[in-house]
Amino acid sequence: MSVKSFREALNESLRQEMRRDPTIIMIGEDIAGGIGGAGEEDAWGGVMGVTKGLLGEFGANRVFDTPISEMSYIGAAVGAAATGLRPVADLMFCDFIGCCLDQVMNQAAKFRYMFGGEAEMPLVIRTQCGAGFNASAQHSQTLHALFTHIPGLKVVMPATPYDAKGLLTHAIRDNDPVIFLENKLMYDDKGEVPDEPYTIDFGEANFTRDGADVTICALGRMANLAAEAADLLAGQGIQCTVIDLRTASPLDEESICESVEETGRLVVVDEGNPRCGLAADVAALVATKALFALEAPVKLVTPPHTPVPFAPNLEALYVPDVARITAAVRDVVKD
Amino acid sequence: MSVKSFREALNESLRQEMRRDPTIIMIGEDIAGGIGGAGEEDAWGGVMGVTKGLLGEFGANRVFDTPISEMSYIGAAVGAAATGLRPVADLMFCDFIGCCLDQVMNQAAKFRYMFGGEAEMPLVIRTQCGAGFNASAQHSQTLHALFTHIPGLKVVMPATPYDAKGLLTHAIRDNDPVIFLENKLMYDDKGEVPDEPYTIDFGEANFTRDGADVTICALGRMANLAAEAADLLAGQGIQCTVIDLRTASPLDEESICESVEETGRLVVVDEGNPRCGLAADVAALVATKALFALEAPVKLVTPPHTPVPFAPNLEALYVPDVARITAAVRDVVKD
Amino acid sequence: MQLNRQDLIEAYRRMRTIREFEDRIHLLNEKGEVPGFIHLSAGQEASAAGICMHLRDADYIASTHRGHGHSLAKGCDVTGMMDEIFAKSTGLCKGKGGSMHIADLTKGMLGANGIVGAGIPLTAGAALTAKVLGTDNVAVAFFGDGAFNEGATLETMNLAKVMNLPMIFALEDNGYGEATPASWAIGGDVLERAKGFGLPAQRVDGHDFFAVYEAMRGVVEQVRAGTGPQLLHIKLYRYYGHFEGDAATYRPNGEAKKVREEKDCLMLFREKVTTAGLLEKAQLDALDSDVVTLIDQAIEHAVAAPKPEPGDLLTNVYSSF
Amino acid sequence: MQLNRQDLIEAYRRMRTIREFEDRIHLLNEKGEVPGFIHLSAGQEASAAGICMHLRDADYIASTHRGHGHSLAKGCDVTGMMDEIFAKSTGLCKGKGGSMHIADLTKGMLGANGIVGAGIPLTAGAALTAKVLGTDNVAVAFFGDGAFNEGATLETMNLAKVMNLPMIFALEDNGYGEATPASWAIGGDVLERAKGFGLPAQRVDGHDFFAVYEAMRGVVEQVRAGTGPQLLHIKLYRYYGHFEGDAATYRPNGEAKKVREEKDCLMLFREKVTTAGLLEKAQLDALDSDVVTLIDQAIEHAVAAPKPEPGDLLTNVYSSF
Ligand SMILES: Cc1ncc(C[n+]2csc(CCOP(=O)(O)OP(=O)(O)O)c2C)c(N)n1
Ligand SMILES: Cc1ncc(C[n+]2csc(CCOP(=O)(O)OP(=O)(O)O)c2C)c(N)n1
Ligand SMILES: [Mg+2]
Ligand SMILES: [Mg+2]
């Protein structure tokens, strides 16, 4: 156990899994960087440096840089997963899914079903999400709901370095296609992370705070803000249960409903677009399965239904923050 | 006014609008069919014959067949819309959005916002959706939720020939990008349709049945099944209000909430995937804005969260039908 | 690999099986006895057979919406396929995929595909597997003239080249993508386009089994040896409409008839082997009737086979259910 | 169009403005004074200017993530751009787009673009508009060597060809797509690839304004006349890292320095015009200081300009709000 960054936790998971299983490969744009050039071979290790050093250890027959051709290399990862490898593909930003959705939605997600069970799809697609980087509308989206909407995919969004390693390791060992979303603001977040490999199961939410007054559900970076808000509110006499969902698909429906049965109040915090988003999905779950437990209307804390603005002052208003979460909680407990 | 098929209603809308405005063009794969060949010039008029005859009337400088290159021709439609034309693009099946999502999600939907309002995007994308045609997992999806999730898009799904014409005409005149979903089972549906041009506003739901016991929301083909179910139930003493939402984005939130305030019960019927789907979205709306009106848990009637199966007997179980709707209604009224 | 008597029989058997399979499905579909969206490959048999005769089970192919011929040529079970097309639980995909999604990974068949161009990146993935695992397997993407203009296809020509993948692009040019002539839809020349991506490319008469077979012999040898991807531009023709139900009014009158009469691949094959004294007519006729029996039995089996159970709707979504 | 004295001054002014703009933003970014993801085009000015000198406002261009140079060359307002990059409400996009989304449709600038390759189909759309409306406007897609491997780009080469669109593909090959050398990432030869789609294509030295200008003169004349799309392969170099913050360790030591010293487009331009006696050094120096003043003022304006109002978050989503 030692303190590691989110980035290091991910790198360690990749490294340990690749050591364990020679069929695991990595493929993506500039995940090494400098391939074919006269400069440093492993110049980048991904735009955020997450895959740094892996080319050096595993060589050019395990770590593949590609041309800028998302449909083709993501598709190649899908095909490789169906034929015996366990690819970890890197889609630099989840915003780029528009260039390769077919291979994810119509191929990877549906092979097992369309083929009557006669296909394995041990594929991981790591990708960045999240606003707050002043990266504007095409590099700041958080598209977990889009993936969650597609049957056959699993969708993961870790909130801590510990979870990042454990969930990525699980994702790599899983035989279904997993979309693994990393919030770009979190790579330098630090936390205790075991040195040895371990896994965290999908569909098992993490109760990070316990409180009788209200349930707050979130995942990824929003789960941390929710916990922060809960701590603030605890000082003001409002006790929150905070559920870090960890995976949007599968969803830990049971934990959510059980908690709402206890608290009677629900706030869902999510960075995705609100319409047909994950926050709505969780609210609908409770409206269908635990309605009579609710003592107040459900509150959703999400961005507005707009693209992500560039200006930092607008972006700050766009992304849910602790103040908006505490306000929402205060609202639901006063009802 | 005369009886027309859904197909004829659409064709008439296109024809009348193209006559009215010379900047309206059509672009897509085989929307004429046979282009460049020695055979009949307008051999198909689209796979379903909707655009039949338009090449003949408007010529090859208004009606464009394209190579099989969705990203490119949908993108060309987006670029044309930004520069002075009003393109009606045809994406043969909405399942093919995986080949061109970027141009829809990151370009068409975001131009106006990213450019600070300095762009118009009078683009319509007509596309087919719906299961029941034994067309299997890649030609049977109903992806309106995916589009609804994306801010900047408008999403339309007509239920009748009358609405098809009025909504398409509105879509063509609208200055925002509109995804217009046509259920492939409905082209031969018949109904009264005025001969002259008319429009139906977006975001204005259609109350097709009036009843005090329960509100059923749906759109597209499901709205018709909901009405059928309501008629059946009326005979059994259960009075349903049926709301055909017509457009998933914008959503007529007010009508939904007002109706639920009156009936106290809500069933949402939708053919999309359930997770982060439109049914969940409507349920969440009510859970956040009209919770205390609810006298029973909300019921969602959707397909299971699986790809669309091929076998007709499985597909029949997959798509919501009148029996499942009536069962759901009976369930919520008994609580 | 030179074609011995055994091989010739095998080649003919595969082609004839495809033809009979397609012709019979055409009739069954007309009578409303098979469901679904069906695209037949009758007329294109020499390509499927000429290419797949060079492949082993561990080599992969990916196919298209028009996938019956490729599947049969790659060794998929006739009965399993027929059952699948009839939407039966005994089908290759348990009735959940149908004509457009027939697959058998154990035979190296990565799936027919409802999305034009989608099989091509998948094939690159199979080739990547061969490369990483150090086998000398190859992977073949079958696709049409229409698919040659999809981004997925074009990107993958480049990807396969720069990654030096053991992959073969088998472009089956039947002159039309749906109703649209390839001569209009493809800008530039096919071979030049492939070469512009650094791919060796050659054109071959897809009506002539021997031409396809010979071209593929050289290609597969080099690709197996690790010299990188290549493209075959195979000119051929589909006899039926684009999909079952399409009257093909976009084709000049008599075009299909002329090809059938003058260039039918089965006819040409028979002529060649009998003229050269390699096989006798009687032998071929006997094979023909064996194939008819085989297909009869497959249809009989498919008709009698059980439908999927209601519970099957919810299985095979994830590895756990 | 022959270059008269006026034109030469205009060309130099545009190039120098771009250089100064980029150099200053580089410094401001280092000091943390401008937000966002920034990609600078210093070194590539001759291409932007040499091409856009042939265009009028009604002609469209689409650009890339590296779009400042193209925008300035196409006539976007310097102050409006600087304000935008500073995220101010007076910016060209009211502070809602930033460096990667600068656009001005009134100037025929269809937008920088954060998605590699995305501008190319958009450009085809602008060309389609010209075709349908019967103007003789043309549309130019600027894109990089990396973008040359995107499906969107490749598909559009074909689409533009078969639709005979008045479109020009301006491939700015600076040798790298992020950290990856173009020499590795592009299979085959660029010109052959373009020709394989039926596009006339030529290579030009992008450090030499006059070479770009002359090549574009011929191209634009033909494309305006309706002879269909063409491609220009413009070889050039970017001086800074891929994005601001990138140390560019993937480039051989001294590579950037060498290009700056030997091939800098501004240097070459000055040499040519002064040697040929077309303009005097003093004149050019005066222009340089005018440009410095212009950029100084723009920065001053941007610093002082107001931020967007909170309410702006919710506007410009749809035509109605
Ligand atoms: C991405 C995508 N676009 C369009 C279609 C509709 N479609 C199905 S087959 C086909 C034509 C394909 O032509 P070609 O590649 O020549 O194959 P062929 O049908 O001639 O065998 C089209 C356009 C599709 N299935 N997928
Ligand atoms: C679809 C997509 N894929 C990847 C990226 C990430 N990315 C941004 S710029 C870039 C390199 C582009 O290279 P090139 O086209 O040569 O342009 P240059 O940066 O050299 O001007 C990449 C990979 C992106 N923005 N969009
Ligand atoms: Mg074809
Ligand atoms: Mg470059």
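A, B, ... follow the sequence lines: proteins, then strands. Residue 1 opens every chain.
- For D104(D), no part lies near chain B; criterion is any non-hydrogen pair under 4.5 Å.
- Per-residue counts of heavy-atom pairs under 4.5 Å with chain D were compared for S72(B), G75(B), A80(B); the largest is that of S72(B).
- The environment of CD in E33(D) is crowded: more than 12 heavy-atom neighbours from other residues, nucleotides or ligands sit within 6.0 Å.
- No more than 12 heavy atoms of other residues, nucleotides or ligands lie within 6.0 Å of CD in E254(B), so this atom counts as exposed by the packing criterion.
- Contact of N61(B) with chain D is made through backbone and side chain together, with heavy-atom distances under 4.5 Å.
- A cation-pi geometry, defined here as NZ or CZ lying under 6.0 Å from the six-membered ring centre and within 45° of its normal, holds between K96(D) and Y113(B).
- Both the backbone and the side chain of Y318(D) come within contact range of chain B, each with at least one heavy atom under 4.5 Å from a heavy atom of that chain.
- With a threshold of 4.5 angstrom between heavy atoms, K154(B) approaches chain D through its backbone and through its side chain.
- Each of A124(D), G151(D), A126(D), S319(D) has some count of heavy-atom pairs under 4.5 Å with chain B, and the biggest count is that of S319(D).
- Residue M163(D) comes nearest to K131(D) through the heavy atom pair O-NZ, 3.2 Å, listed as atom of the first residue, atom of the second, then distance.
- Using a 4.5 Å heavy-atom threshold, the side chains of R62(B) and I24(B) count as touching.
- In this structure, the portion of V162(D) lying under 4.5 Å from any heavy atom of chain B is its side chain and not its backbone.
- A salt bridge links R246(B) with D163(B): the closest approach of a Lys/Arg side-chain nitrogen to an acidic carboxylate oxygen falls below 4.0 angstrom.
- Ranked by heavy-atom pairs under 4.5 Å with chain D, the first of E118(B), M71(B), M114(B) is M114(B).
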#### Entry: Check against ring pair (Phe, Tyr, Trp, His ring centres under 6.0 Å), H65(D) and H242(D)
CA-CA 10 Å; H65(D) 54 289; H242(D) 170 64; 5.6 Å; yes
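- Put simply, of N113(D), I115(D), L105(D), the one with the most heavy-atom pairs under 4.5 Å next to chain B is I115(D).
- R86(B) places a side-chain N or O within donor-acceptor distance of the main-chain N or O of D174(B), the cut-off being under 3.5 Å.
- In this structure, no portion of T123(D) lies under 4.5 Å from any heavy atom of chain B.
- By number of non-hydrogen pairs under 4.5 angstrom with chain B, the leading residue of K94(D), M100(D), H101(D) is H101(D).
- With salt bridges taken as basic N to acidic carboxylate O contacts below 4.0 Å, one links R20(B) and E17(B).
- Residue with the most contacts toward chain D among P151(B), P250(B), P22(B), G117(B): G117(B) (heavy-atom pairs, distance under 4.5 Å).
- If you measure heavy-atom distances from L92(D) to chain B, the contacts under 4.5 Å come from the backbone alone.
- With a threshold of 4.5 angstrom between heavy atoms, I27(B) approaches chain D through side-chain atoms but not through N, CA, C or O.
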